[in-house]
Amino acid sequence: MGLPSKSKPLQLKHFMSSSKFKPLAMNLGRLTINLSILETHLPKCKNLKQFNQILSQMILTGFIRDTYAASRVLKFSTDSSLSDIDLSLRIFNHIENSNGFIWNTMMKAYIQRSCPQKTLSLYKLMLGKNGDRDNYTYPILVQACAMRASEFEGKQMHSHILKFGFDSDVYVQNTLINMYSVCDNMRDARNVFDEMPVLDSVAWNSILAGYVRVGDVKQAKCIYDQMPVRNTIASNSMIVLFGKRGCVTEARHLFDELPEKDMVSWSALISCFEQNEMYEEALDMFVKMVANGVMVDEVVVVSVLSACAHLSAVHTGKLIHGLVVKIGIESYVNLQNAFIHMYSSCGEIMVAEKLFNAAYNLDQISWNSMISGYLRCGLVEAAKTSFDSMPEKDVVSWSAMISGYAQHDRFSETLALFQEMQLCGIRPDETTLVSVISACTHLAALDLGQWIHAYIRKNSLKVNVFLGTTLINMYLKCGCVENALEVFEETAEKGVSTWNALILGLAMNGLVEKSLEMFAKMKTRGVTPNEITFMGVIGACRHMGLVDEGRRHFDSMMQEHKIEPNVKHYGCMVDLLGRAGMLKEAEDLIESMPMTPDVATWGALLGACKKHGDHDRGERIGRKLIELDPNHDGFHVLLSNICASKGDWDGVHEIRGIMMQHGVVKTPGCSMIEADGVVHEFLAGDKKHPRMKDIEVMLDEMAQKLKREGYAPDTNEVSFDIDEEEKETVLFRHSEKLAIAFGLIAISPPSPIRIIKNLRICNDCHMAAKFVSKAFGRDIVVRDKHRFHHFKQGSCSCNDYW
DNA sequence: TTAGGGTTAG
């Protein structure tokens, strides 16, 4: 920053190769240096020593005071690789009689070394000295502003240009167009362009490049069509723009029409296919490119490898690897990283690892690709080891590892790593937070989730589609409908997934009508529903037993939206019919399915049989199911429950035997509850909690109060052949009751008691929760495997239909 | 009397 670093004054000794003055190596002999000698000898300089000797001669003889001679020697210094920028600056500072050329040369030198801020500092110095600016000066300065992408500085420069009257210079105008384009200000770029009396090819190309940069297809096309001369670069840029904006047909057409296609034309089209998820086309095009003898470089190969990764085309990837080695470009870091990504995407993690270990020029992306590769292949531990040994971790590394934990259902570790990241002072970005919020959702860690929401607001992070959807989902899955609706309204960028989260979540919370309303609203807003939307919509109908409406939506999938119902949609319909007691219709629908029904579909019918007491149908289907899926614990349990409710204890024992035989273990009921930011977990019959004594006392109090209110335990739920009193004790140790008791102790009103259960809530716990909400005057929110139950004043939001 | 400035794609 600031002015170019102060250089030491130019003294003769700087240019002496030793303290002893030697005669010029270039045979200057005893000749006094003059212009002609300078001009013949400067270009012949082979090393810094020779250059220094000429320079020292000039100082010694005072010839450096000749402005023209000084400008030649400075120019040589800035252009030649023999000298460096510090020496150039020392020469520049030594020149007493400087002129515009000399200033321009020094300012240009900083541009060439990518130090535009030093160019601008020199300009300030020049202004102070009222230096000799000329029409060569401002193109350099405007370019410096463009390099800094600083519209503020650019505009200042523009006003100087007007003030000093350089605005009619075509070079100046062209750099202004470029500067405004780089700053994405196409309005001012266009103003300059429109006012140019004579447009040369640079002006056309610059304005086109601007429209391409901001992605304005309409204007770019307009300019391209009007261009008097179109070069390949212009055409290639248009292909790129079409690709970026999803106009694949136009890109392909333009490519076909090109009279001359170069390497960039081919790779622009290939990248267009790749970006628009047309991976086969990308590969085909690459094959044609090679067949046509077009040169291939590392940039195009990176695109093609990405296509291979998406297609899992490891064989093609290996062929390309061979080609890359043959043409000798394999050591490009980007290419190595693309190979690591391709191989790990195709499951060839060992190959990726070998490449990674063999590479000598690893960068941050290499490490991040390797970690993501391990995670993609499910090797979470290997990823963590690699992560721990990284020399430097950036936000991408942390996000990759955090999302890796989240995607492998290791939610506590997700949150722990997030905390560690913060301790390391790395600021999370939108991507990181999506994974963390998703972990909060699974763990029902609402406190942390809300903290993150506040963090997003405080740091004005952009709530993009993913983040918005994740937040809405979290609030709905934690039973906070109001908050979810608020985020939904605030989210500017709404995708189909955002609507889906809302439709599914509202229905889960028992707000079926609102959910269906949102579905209607979504369609009027022009958002096209997808198959997940219909899962939500039919699911909503299922929560309230809206059979006719559900059927209507199911039929509309094909008729209106051309979406073929999949096995899950059928399963959902079977569940809807079954729950409503239409068991025969449900079974008929299964028989009429165009695909093989999955176990979940039969399972839905089995559940319905249990609910509606159709024991015969239930037993028939249950036996079929445990054959189809002998490892599924839930079906065995349901079947055994059906036997139990018939009083068929032999059947119960038989099923138990089958379970033992297959090693099927019933998933224990588990409830989670968050108190003061800590998540507590309860298993059925659990006695391990540190506050178990208090909980026992509360359970007794609950039992007494509930009985007074008229609660009678529903012992039908217990499928053990034990007496009624014992059954009641078992019932009162269900995990959700333990959690409710704990909630009554640990969470002070009016905060609701929020519980998450891994299985579906049983009849008895549902009834008990209703009584507790009344007898203790507490709101209880239970999220079970399928939906929410908001208990308030003795009733539940599900209206006892679940 | 010399010398120097601008755009551009995958």
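Proteins come first, then strands; the chains are lettered A, B, ... in the order of their sequence lines, and each starts at number 1.
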Exercise. OP1, OP2 of dG4(B) versus side-chain N and O of Lys75(A): anything below 4.0 Å?
Worked result: no
Exercise. Is the ring centre of Tyr123(A) less than 6.0 Å from the ring centre of Trp103(A)?
Worked result: no
For this session: Using whole Å, report how far CG of Asn34(A) lies from P of dT1(B).
Result: 18 Å
Exercise. With sugar-phosphate meaning primed atoms plus P, OP1 and OP2, does Asn99(A) contact a base, only sugar-phosphate, or nothing at under 4.0 Å between heavy atoms?
Worked result: base
Exercise. Base, sugar-phosphate, or nothing: which does Thr175(A) touch, judged by heavy atoms less than 4.0 Å apart?
Worked result: sugar-phosphate
For this session: Please state whether the phosphate of dT8(B), meaning OP1 or OP2, lies under 4.0 angstrom from any side-chain nitrogen or oxygen of Asn178(A).
Result: yes
Exercise. Between Arg72(A) and dG4(B), does any side-chain N or O lie under 4.0 Å from OP1 or OP2?
Worked result: no
Exercise. Should the pair Phe166(A) and Tyr138(A) be assigned to parallel (<30°), tilted (30 to 60°) or perpendicular (>60°) ring geometry?
Worked result: tilted
Exercise. Would you say the base of dG10(B) and the side-chain of Ser271(A) have a donor-acceptor pair closer than 3.5 Å?
Worked result: no
Exercise. With distance as the sole criterion, do the side chain of Asp134(A) and the base of dG5(B) form a donor-acceptor contact below 3.5 Å?
Worked result: no
For this session: Please work out if Arg133(A) contacts a base, only the sugar-phosphate, or nothing of the nucleic acid, heavy-atom cut-off 4.0 Å.
Result: nothing
For this session: Look at all strands and tell whether Met263(A) reaches a base, only sugar-phosphate, or nothing, counting heavy atoms closer than 4.0 Å.
Result: base
